[in-house]
Amino acid sequence: MQFTSPPNPQQFNERVWALVRQVPRGQVATYGQIALMLPAPNGVELEAYKAYGPRWVGGAMAACPEDVPWQRVINSQGKISERPGAEKQRHLLEEEGIEFVRDRVDLKKFGWHGLDASDEPKQGKLF
DNA sequence: GTTGTGACATCGC
DNA sequence: CGCGATGCCACAA
């Protein structure tokens, strides 16, 4: 990535990618969510990480491999950035079962809670 | 050394 | 609820 990077950008990126790979089909995660889920790198202040974490995630997405469904990573507003091909990715998400309302996704329904919450969504305990 | 910007977040209207 | 404006940290010009 061109702008700011953590002490170990590659390692951080791999972590982000690993998390993104864990995102189940039909669910989406936000940059901030992923940033909060990941621990702050050594030597990085928590405040700084909170402020810049999401952008680091974005930077990781910029260089994410093909096997990483970066499309499932969107901003906290539940929308996709204006990066080239966003429309195409939106279509892919729609095929995954994610509903788009006015270019916006219902994070309440499709928001990914993370692995620590529950690997698989249990019936009745969706939230 | 100052200014601008970034695959974001949050507050305000 | 949706959209606009501001702030966050670090780095390039």
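Values below: all heavy atoms of this structure, side chains included; hydrogens, waters and symmetry mates excluded. In what follows, chains carry the letters A, B, and so on, assigned in the order in which the sequence lines appear, proteins first and then strands, with residues in each chain numbered from 1.
- Remark: P of B/dA9 and OH of A/Y49 are 12 Å apart, rounded to the nearest angstrom.
- The distance between atom CD of A/Q33 and atom C1' of B/dT10, rounded to the nearest whole Å, is 16 Å.
- Each of C/dA10, C/dC3, C/dC8 was ranked by its minimum atom distance to the side chain of A/Y52; first place goes to C/dA10.
- Going from atom CH2 of A/W56 over to atom C1' of B/dA9 covers 16 Å, rounded to whole Å.
- In this structure, the side chains of A/W56 and A/L38 stay at 4.5 Å or more apart for every pair of heavy atoms.
- Contact annotation: A/S76 reaches the phosphate of B/dA9 (side-chain N/O to OP1 or OP2, under 4.0 Å).
- Contact check, A/R55 against C/dC8: no side-chain N or O comes under 4.0 Å of OP1 or OP2.
- Taking only side-chain atoms of A/N75, from C-beta outward, the nucleotide of B/dC8, B/dG6, C/dC3 with the closest atom is B/dC8.
- Between the OH atom of A/Y31 and the C1' atom of B/dT10 there is a distance of 17 Å, rounded to whole Å.
- Linking Ile, Leu, Val, Met, Phe, Trp and Tyr whenever their side-chain heavy atoms come within less than 4.5 Å puts A/L107 and A/I80 in one cluster.
- As rounded to whole Å, 15 Å separates atom C1' of C/dC8 from atom CD of A/E45.
- By the 6.0 Å contact criterion, CD on A/E95 is enclosed, its count of non-hydrogen atoms from other residues, nucleotides or ligands being greater than 12.
- By the neighbour-count criterion of 12 heavy atoms within 6.0 Å, atom CD of A/E14 is densely surrounded, having more than that number from other residues, nucleotides or ligands.
- Atom pair A/I80:CD1 and B/dC8:P shows a separation of 12 Å (rounding to whole Å applied).
- In this structure, A/E47 atom CD and C/dG7 atom C1' are separated by 13 Å, rounded to whole Å.
- Among the atoms of the strands shown, base atoms are found under 4.0 Å from some heavy atom of A/Q77.
- Contact between the side-chain N/O atoms of A/R102 and the OP1/OP2 oxygens of C/dC1 is not found at any separation under 4.0 Å.
- One finds no side-chain N or O of A/T30 lying less than 4.0 angstrom from the OP1 or OP2 phosphate oxygen of B/dC8.
- The A/S81 side chain lies nearest to B/dC8 when the options are C/dC8, C/dG2, B/dC8.
- Between A/E45 and A/K50, none of the side-chain N atoms (NZ, or NE/NH1/NH2) sits under 4.0 Å from a carboxylate O, so this pair counts as no salt bridge.
- One atom, CZ of A/R83, and another, P of B/dG6, lie 15 Å apart when rounded to the nearest Å.
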